[in-house]
Amino acid sequence: MFDTIRWEGDAVVLIDQRVLPTREEYVRCRDAAAVADAIRDMVVRGAPAIGVTAAMGIALGLKQSRAADERALRADLEALGALLGATRPTAVNLFWAIDRMKRKFEELLPEGLEATRAGMEKEALAIHREDVEMCRRMGAHGAKLLEDGARILTHCNAGALATAGYGTALGMMRAAVEAGKKISVFSDETRPFLQGARLTAWELMKDGIPVTLITDNMAGHLMAKGEIDCAIVGADRIAGNGDVANKIGTYTVAVLAKEHGLPFYVVAPTSTFDLTLSSGKEIPIEERSSNEVTHVQGVRLAPEGVGIRNPAFDVTPHHLVSAIVCENGVARAPYVESLRRLAAAQAA
Ligand code: MRU
């Protein structure tokens, strides 16, 4: 396949998701600042992938740190956490990974500076490995929800490119195929960054899973014609009541699915749960540059000076969510209880 994220000891290497599928190129991030730029500029994107990349950015930064004592190394860690934490606000996996690295740091510090640097590298690699394992477990739980012959709509890219490998929503599809089920997929193009047209279509074609690309405004029509059986998406942050933040346009898909009586499934690891929030209203929504809307691949579409909005995510209220699939099982409404139960299973 390909490596979404690769640790090379003196660099974090990322497949450049800005130029896929036409070019398969890798960006070599030689320090934490380059890792932060790669997250901000969406060389790497997708909530779990952002978290894994940030963990590796911290490990790289500490490895390059010239700190000669605990206080100085902790100060470098804080600076790295602030640098990477300031890249994008919505995907909670970023902050989950930074917090996990900070906890590990305090655990390791009594063993000395070199042991701490080496242990942080191991922890970042563990986060990478566990992310793939969580995707496979989500896939196995989710595949059971799919009928043989299911015609699935997906929005954005929640695949191997959005994680350390295998994918969340696309992992559920891959696991269904591995279980012998015949499925086909409609992929929303997902304006403005076109994750569906460029990344999801590319991944599924590589796997030989039948995929049809549509523009985002075609989903309602195809649902009305009975050509879609369910929708499956990923998530960037899930609040304690089950409200789900995901790529802009996901809420529209959920409303359409409800209107047509179709299941709307969310697939996300517990590292995407933010149970400190009582509702989706508290989820920070990133607003990205207007260029993403006015231009496609550098070509201007819209007149100079036109007003632009570009919220990168929206929130789907829990009552539109049929189930949330995580690595520990399937959560159903009421989500206040079921999410806590599955999150606790993680801690156990
Ligand atoms: O702006 P992006 O491309 O980072 O947005 C990604 C999404 O919304 C994904 O659906 C989500 O992060 C889940 S990825 C497994």
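Along the sequence shown, residues are numbered consecutively beginning with 1. Read the numbers this way: they start at 1 and go in the same order the structure lists the ligands and their atoms. This one's a predicted model, so the numbers in the text were calculated from it and none came from an experiment.
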> Going by the order shown, which atoms of ligand 1 are within less than 4.0 Å of some heavy atom of R88?
Replying inline: 1 (O), 2 (P), 4 (O)
>> Checking a contact table here: which protein heavy atom is nearest atom 8 (O) of ligand 1, and how many Å away?
In response: D236 OD1, 2.8 Å
>> Please list the nearest protein heavy atom to atom 15 (C) of ligand 1 with its residue and the distance rounded to 0.1 Å.
In response: T168 OG1, 3.2 Å
> In terms of atom number and element, which parts of ligand 1 are under 4.0 angstrom from non-hydrogen atoms of A47?
Replying inline: 12 (O), 14 (S)
> For ligand 1, which atoms have a heavy atom of M42 less than 4.0 angstrom away?
Replying inline: 1 (O), 2 (P), 3 (O)
> Taking all atoms of both residues into account, what is the closest heavy-atom pair of M223 and V253, and its distance?
Replying inline: CE-O, 4.1 Å
> With sequence neighbours excluded, what pairs up with E259 under the side chain to side chain donor-acceptor pair (under 3.5 Å) test?
Replying inline: none
> Side chain, backbone, both or neither: which part of C156 has a heavy atom under 4.0 Å from ligand 1?
Replying inline: side chain
> Of the protein's non-hydrogen atoms, which lies at the shortest distance from atom 6 (C) of ligand 1, and what is that distance?
Replying inline: R45 NH2, 3.5 Å
> What do you reckon, does H155 put a non-hydrogen atom under 4.0 Å from ligand 1?
Replying inline: no
> Do we see a donor-acceptor contact under 3.5 Å between the side chains of Q64 and D31?
Replying inline: no
> Can N328 and R137 be counted as having a side-chain donor-acceptor contact under 3.5 angstrom?
Replying inline: yes
> Should we count NZ of K206 as having more than 12 external heavy atoms under 6.0 Å?
Replying inline: yes
> Closest non-hydrogen protein atom to atom 5 (O) of ligand 1, residue and atom name please, with distance?
Replying inline: K247 CE, 3.2 Å
> What do we get for F193 next to ligand 1 when only non-hydrogen atoms under 4.0 Å count, side chain, backbone, both or neither?
Replying inline: neither
> With backbone taken as N, CA, C and O and side chain as the heavy atoms from C-beta onward, which portion of Q195 lies under 4.0 Å from ligand 1: side chain, backbone, both, or neither?
Replying inline: side chain
>> Could you go through T90 and D236, starting from their C-alpha distance and side-chain angles, then the distance that decides it, and tell me whether this counts as side chain to side chain donor-acceptor pair (under 3.5 Å)?
In response: CA-CA 6 Å; T90 306; D236 289 85; over 6 Å; no
>> Yes or no: does P48 have any heavy atom under 4.0 Å from an atom of ligand 1?
In response: yes
> atom 13 (C) of ligand 1: which protein heavy atom is closest, and how many Å away?
Replying inline: A235 O, 3.3 Å
>> Please tell me whether M134 and I5 are part of a single hydrophobic cluster in this structure, the criterion being side-chain heavy atoms less than 4.5 Å apart.
In response: no
>> Which label fits Y335 and H318: parallel for a plane angle under 30°, tilted from 30 to 60°, or perpendicular past 60°?
In response: perpendicular
>> How far is atom 14 (S) of ligand 1 from the closest protein heavy atom, and which atom is that?
In response: A162 CB, 3.4 Å
>> Side chains of T276 and D274 only: does a donor on one sit below 3.5 Å from an acceptor on the other?
In response: yes
> Has ligand 1 got any nitrogen or oxygen that is less than 3.5 angstrom from a nitrogen or oxygen of G46?
Replying inline: yes
>> Return the closest protein heavy atom for atom 9 (C) of ligand 1 as residue, atom name and distance.
In response: N246 OD1, 3.4 Å
> Side chains of N310 and E287: donor-acceptor distance under 3.5 Å anywhere?
Replying inline: no
>> For E106, I'd like to know if atom CD has over 12 heavy atoms of other residues, nucleotides or ligands within 6.0 Å.
In response: yes
> Just which atoms of ligand 1 are under 4.0 Å from any heavy atom in F313?
Replying inline: 1 (O), 5 (O), 8 (O)
